[in-house]
Amino acid sequence: MNSGWLLFERLILRPLLREPVRTALTVFAVALGVGVVIAIDLAGQAAAGSFHSSLESLTGKDDLLISNTGGIDQNLLGRLVQLPYAFRFSPRIEKFAFLNGKGEALPFIGLDLISSDAQDEIRPGALSHAADLLTTGDPVWVGSRLGLHKGDHVRLLINDALHDFTVAGVLKPQNGEIGEENVIVADIGLAQKATGKTGKLDSIGVRVPPGQTLGFWTDYLRKQLPSSLSVEPQGARTEENRKMLAAFRWNLRILSYIALVVGAFLIYNTISISVVRRRNEIGIVRALGADRRLITFAFLAEALFFGVVGSAIGLVIGRAMAVGAVGLIGNTVQALYVSSQPAPIEFTALGVLTAVGLGLAVSLLAALAPAFEASRVAPVEAMARGREEYVAAVRSRVMVAWAIILLAVGAGLTNLPPVHRQPIFAYIAVLFLIAGTSAIIPSVVALFAGTASSLLERLIGVEALLAMRSLRGSIGRTSILTAALAIAVAMTASVGIMVGSFRETVSLWMNDQLRADLYLRPAGLSAIDQHPTMSLEIAEQIAKLPGVSAVDRFRAYPITYQGLPATLAGTDTTFETSASTKFLPGENRDQILRRLSAGDYAVVSEPFANKHNVHTGSVLTLPLARAERRFTVLGVYYDYAAESGYIVVDWNTLMRYLPDPEVSNLAVYVKPSEDITAVRRQIDGIIGGRAVLVFSNATLRAGAIATFDRTFRITYALEAVAVIVAVMGIAGALLAMVIDRRREFALLRFLGAAKPQIRRIILCEAGLLGLLANGIGLLLGTALSLILIFVINKQSFGWTIQFHWPVPLLLAALTGIYLATVLAGLYPGQTAVRMNPIEVIHEE
Amino acid sequence: MALLEVRNVSKVYRTQSAPVAALRNVSLTVDCGEFVALVGKSGGGKSTLLNLCGAMDFPTAGEVLIDGQATSNLSDAALTRLRRERVGFIFQSFQLLHTLTAVENVELPLLLARTPNARTIARERLYRVEMEEYADRFPHQLSGGQQQRVAIARALVHDPKLLLADEPTGNLDTATGETVLALLTRAAHDFEVALIMATHSNENVALADRVLQLRDGRLEHTAVLR
Ligand SMILES: Nc1ncnc2c1ncn2[C@@H]1O[C@H](COP(=O)(O)OP(=O)(O)OP(=O)(O)O)[C@@H](O)[C@H]1O
Ligand SMILES: [Mg+2]
C-alpha cells in the first residue's frame, strides 16, 4: 500500500476516529455550511427557473415576441400577415387565474387553437382534436398538477369575476419541462372574453423565416411596427426577471456563506488542536526522517478529510434543505417581485462543483496556518515532554494594530459606489470588519479575564475562577471560538437589526401613506407583477355614495424599463388624498402634486430612481399608444411596496395614452362624520357578485406586515444555521478541552471537587465564551447592520431605511444563542465527569 | 476508634486480558497522627491501596472504614464530603494547576468546599512550608521541590486527618527529597495528621512509625520501628 496513505491513516485518521463525537461535530459543521450554500443555490435556481414562462415550454418554437404596454390591438395581426415574408404569428393572451378564487396564481393562457399553425406548434397529443372540442362549452386544457380530469367543471377567478369552464384535456408533462404543470390553456377567443380583452392581444409570438439572423428580423419588425411595440427575442422577459432577482439572490447567497465562514474558524480550531496535541509526535516523525512538506501535507490532508466528507454529506443535507428553502424563497419572490411557480429542484454540475469547491477551499485555507506551524516543529521536540496546552503565539500588540488597520480600511470601503449595481465593496468591507474584530478578540479576552475574574469568582464561586483561568490559559483557542460564535451572533444581530429597522420603516411609511378608510382590489392572491382589474362601475358608483368624500383610482401596468421590469401606474393626484406621499428631502410635495396633472409629468419611487439613476428633472421615454412618450420626473417619493419600482403619472395622463378606465385598486375615503361600517355595507352592495375584496385600513396594514414577515423568514433560517454551526463548534472544542485537561479535572476530584462542580466548570467556560461572543457579536453586528442598512440595501435595492433597534427580537435571539452555547457544554461536562480520576492521574 | 480501618480488602482490576489482582486480602488499621510507610516492588499495589484509603476507589471485596464510615456504602456526594473533610493527597508529580498561582492552588480545596477565609488559611499553610514569599508565583516559576512544598500546603489546607502521599520525593533529587520529607513529617506531626506514604526510599522509611510491605498485593511484613 502507498506509504503516504499509511502515514495519513496512522497519524491523522486514527486519532480522529478515536474521538468520534468531536470528529463528527466538525464534519457536520462543514456539512451544514456546504449544505446551506447548496440549498440556497438550488432553491434560488428553482425560484428563478420558474420564470421560464409557461408559454415557453408550451410553444417553445417562437423566436421573437411582440408586446405592448396595455395590450396589442388585434387588428395588428391582419397587418402583420401581409408582410412579404414567411413569418408565422401566434397571438397570445397571458393572465393569471385562481382556481375557485383561491390559492396560487395559475398562468391562464389564450392561444389560437383553431389555426393549423397553432395545432402543430403545440405538442402533439396534448391538445389533439382541439378544434373539435371547441364546440363544447368553454373548454380549457389544464396542467397535470392541478389534479383535474377531462370533463370536470372548473370555476376560475379572472380579474374580478368568476368564470366556468369545462376541462377538455390534461396537458401531459413533457421531458422535465417546467412551468406547464399548473397552466390553464384556452382558445384565444375564449381567453379574450374571459379576461375582458376583447379585440386585444397580450403578445404575438413570431417564428422567423430562415436565411437571416434573428437580429435582422428584429430590426425589420421594429421598423414595420409602431415604436410603442416592443420586439424582443423569446425569453427576454425571463432574462429580465432573472436580472431583477440578481441582487436578491446575491444577498441570499452571501448570507448563506456565513455558515461556511463560521465553519472555517472551526476547522482552523480543530487542526490547531491536532497540531498542538501532536507536537511530540511530529517531532518524532521529523526525527525519523519526514520532511517539512510531508508534515504540512499531513495536516492539510486532515483538513481535506473534513472538507471531502463534510461536502459529501453537505450535498445530501443541501438537497434536503433546498426543499424547505424553495418554499421560503418562493414566498419572498412572490411577495416582492413576480408571481412564480417553484420549479423542480435540480442539481446543476456547476452548482455542485461550486459548493463542494467552496467547502474544500475553505477547509484548506483554514488549515494553512496550523499546518505551516506544524511543519516548523523541530525534530528535537521529540525529546521534549508532550505539551498539551494550546500554545498560540498571541502577539496582542501586533494584532491590535492589525485590527485597527482592518477596521479602518473596512470603514473606508463603505464609501465606495456599487459595481454593476452590486455592493461589492460593502461586502468586502464586511469581511474587513469581521477580520478586524477577530484580530482584536485575543486582547478583549485577556482584558475581560483580567477585570471580570474576581467579580465572577465572588458571584459564582471557584468554578468561575477555574473556567476563567483556563480560557485565558489557552487564549488562542478561546479567541477562535469566540470569533466563530461572535460572527454568527453578529450576523444574526445585524440582519435582525436590518429587518427590524426595515419593518419599522415600512410600518411608519404605511401610517403616512395609507390614509384611506377602505381599499378594494380583485380577489385572489396579490402580487407585484399582476394587476387584475375591476369593473369601471364600481369606482363610479362608490364615488357617488353620500358617505364617501373621495375615491382614489389606481391603475397599474407591468412594463420594462431599460431591460428591467417596473410598474407604470396612473392615480388620482388630488391634493387631499396624495398629500401623505413623502418625497425625498428637499423636494416640494405641494408643488409636485400641483404640476403632476398638468402634462407629461411623472413621479418615480425611490428604488426605481436608484436602479435607473433617475433624478428630479430626468426625462423618461416610455413607449405608449403607438409612440414614444417623454415624461419629465418631478420628484422621487419613498415607497416600500415594490423593489422593481414605480413610475406614477396622473390618472388623466394615463387615460390619454392608455384609455382603459378599469382600475387595479381603489382607495375610499369616508367622510369623518360617517360610519365606516355602514359605507362598507353599501360598497358590498355595489360589488354584488363580483370577486372584489374590501379591506379596512387596519387589515390592509396587518396583511402587509404579515407579508413582510413571511418575506424575511429565509434570512432567519440562514442565521439559525450559522448559529447551529457555531454552537456545534463550541461543543466540539469544549470536548477537546475536556480531553486535554483531564488531568486537571482528575486532580480536582482528588482535592474534593464533587461531580456537579466539575460539570459546572465546563458550563461556566461555555457560558463565558457565550457572554464574550454575544457582547462582541452585538457590537460587530450593530456595525454590520449599519452597512447593511445604509450601504448594501441602498445599493442593491435602493431603499432608504431608518435605523431602529428591534429590542425584543435581539433579546430573544441573543438569549437563545446564549442558552444554546451553555447547553453545548453539557455533553463535554458529562464526558469530564465520566472520566476515572485514578486512571488519569496514573497516566502521568 | 481507629482513624482508618482496612478489613480483608481485595482489589481486582478488570482488563481486556486476564483480571489483575492488585490487592489480596489486606487488613490494617491506622491511628490518628501515625506515620505509616508503604514499601514494596513496583506493581505491588501501593498506589491501589492509597486510593482505596482515600475513598477514591472501592474495594472488590472487604471494606475500608474512614472514621468508622464504610466507603462502599456512601454516595458520590458523601464520598466527596469525606475527602473534603478528612483526606489530603500528595502526588509524585506535584499536580499543581498551572493556571493558578501557588496560593490559589493551596486554597483550591477550601474554595471547592466553600469554606470562608480561604486566602488567610492558605497563606498560613504556605508559611508552614516556608513558601509564603512565593505565594503569587505560577507553578512553572517554581522548582520541583518548591512545587512539592506547595502541594503539601495544599494537602493540609483543610485540616485533614489522613494524609496520603504517593512517592512524594520520587521526582526530586536526594537532597531536595530529604528537605521535603522532613517538612512533610514535621507538618504531619504539627497538624496531628496520620500519614500513609508509599515510597521506595530507605531514608523515608527510617522516619516512619511503621513500615508495611506489599508484595503482589499481599501485606507481607509489618515492622514497627518505634
Ligand atoms: N486501572 C488499572 N487497570 C488495570 N490494572 C491496574 C490498574 N491500576 C493498577 N493496575 C495493576 O495493579 C497492580 C498494582 O498497581 P499499583 O499501581 O498499585 O502498584 P504500585 O505498588 O503503586 O507500583 P509503583 O511502585 O510502580 O507505583 C499492578 O500490577 C498494575 O498493573
Ligand atoms: Mg504507584
Side-chain angles (χ1 to χ4, degrees), chain A residues 385 387-391 446 449-450 453-454 456-475 477-478 737 740-761 764-765 833-844, chain B residues 11 13 15 22 47-48 50-52 54-58 75-101 104-115 118-119 138-140 151 154-158 160 164 166-167 170-171:
Chain A
R385 227 176 115 259
R387 290 223 296 159
E388 288 187 335
E389 302 98 79
Y390 185 92
V391 198
S453 178
S454 63
L456 284 172
E457 189 189 345
R458 231 172 299 139
L459 281 177
I460 302 173
V462 65
E463 294 91 335
L465 173 78
L466 292 169
M468 191 76 98
R469 287 299 165 83
S470 126
L471 288 181
R472 198 183 177 175
S474 52
I475 199 156
R477 189 187 295 197
T478 307
M737 179 277 282
D740 292 350
R741 273 168 54 205
R742 55 194 182 278
R743 185 186 72 91
E744 177 180 336
F745 295 129
L747 176 70
L748 287 173
R749 299 278 288 141
F750 272 98
L751 297 184
K755 283 181 179 174
Q757 283 180 305
I758 302 284
R759 214 176 278 131
R760 226 174 294 150
I761 293 172
C764 255
E765 290 201 19
V833 164
R834 253 186 279 132
M835 291 189 297
N836 181 353
I838 297 174
E839 284 178 15
V840 173
I841 290 285
H842 207 87
E843 277 176 16
E844 293 284 308
Chain B
K11 178 73 186 176
Y13 286 113
T15 58
S47 298
T48 304
L50 284 180
N51 286 332
L52 290 178
M56 284 300 296
D57 204 357
F58 305 106
S75 68
D76 182 71
L79 283 173
T80 303
R81 202 168 331 114
L82 191 71
R83 277 199 297 276
R84 277 181 188 170
E85 290 167 5
R86 310 282 153 82
V87 188
F89 287 95
I90 296 167
F91 308 89
Q92 178 173 352
S93 47
F94 325 137
Q95 304 286 10
L96 298 179
L97 291 191
H98 58 262
T99 54
L100 301 183
T101 60
E104 284 170 342
N105 264 292
V106 174
E107 69 183 351
L108 197 52
L110 297 177
L111 294 178
L112 286 169
R114 309 239 184 272
T115 314
R119 185 54 60 97
F138 283 95
H140 67 264
R154 182 178 66 186
L156 291 170
V157 77
H158 54 303
L164 302 169
D166 199 345
E167 299 181 36
N171 276 12

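These numbers come from the heavy atoms of this one structure, side chains and all, not from hydrogens, waters or symmetry mates. Because the structure is predicted, anything quoted here is derived from the model rather than measured. Chain letters run A, B, ... following the sequence lines, proteins first and then strands; every chain starts at 1.
- Residue contact with chain A, scored on non-hydrogen atoms closer than 4.5 Å, is absent for Arg81(B).
- Across all non-hydrogen atoms, the minimal contact from Thr101(B) to Arg469(A) is N-NH1, 4.4 Å.
- Nearest heavy-atom pair across Arg743(A) and Leu96(B) is NH2-O, 3.4 Å.
- Heavy atoms closer than 4.5 Å to chain B are found in the side chain of Gln757(A), but not in its backbone.
- Pairing each heavy atom of Leu97(B) with each of Glu744(A), the nearest pair is CD2-CG, 3.2 Å.
- Minimum interatomic distance between Met56(B) and Pro837(A) (heavy atoms only, all atoms of both residues): CE-CG, 3.6 Å.
- For a residue to count as touching a neighbouring chain, one of its non-hydrogen atoms must lie under 4.5 Å from one of that chain's; by this rule Glu85(B) does not touch chain A.
- Listed options Leu112(B), Thr48(B), Leu108(B), Thr80(B) were ranked by heavy-atom pairs under 4.5 angstrom with chain A; first place goes to Leu112(B).
- Listed by chain and number, the residues in a side chain to side chain contact (heavy atoms under 4.5 Å, CB included) with Arg834(A) are Tyr827(A), Gln830(A) (sequence neighbours excluded).
- Distance check, rounded to the nearest 0.5 Å: CG of Leu50(B) to CD1 of Ile838(A) gives 10.5 Å.
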Please set out all donor-acceptor pairs under 3.5 angstrom arising from side-chain atoms of residues 745-752 of chain A, sequence neighbours excluded.
{"residue": "Arg749(A)", "atom": "NH1", "partner": "Ala753(A)", "partner atom": "O", "Å": "3.0"}
{"residue": "Arg749(A)", "atom": "NH2", "partner": "Asp76(B)", "partner atom": "OD1", "Å": "3.0"}

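- Atom-to-atom distance recorded for Thr99(B):OG1 and Leu471(A):CG is 10.5 Å, nearest 0.5 angstrom.
- In this structure the side chain of Val462(A) never reaches within 4.5 angstrom of the side chain of Leu110(B), judged on heavy atoms.
- Highest contact tally toward chain A, considering only Arg154(B), Arg83(B), His158(B), is held by Arg154(B) [criterion: heavy-atom pairs under 4.5 Å].
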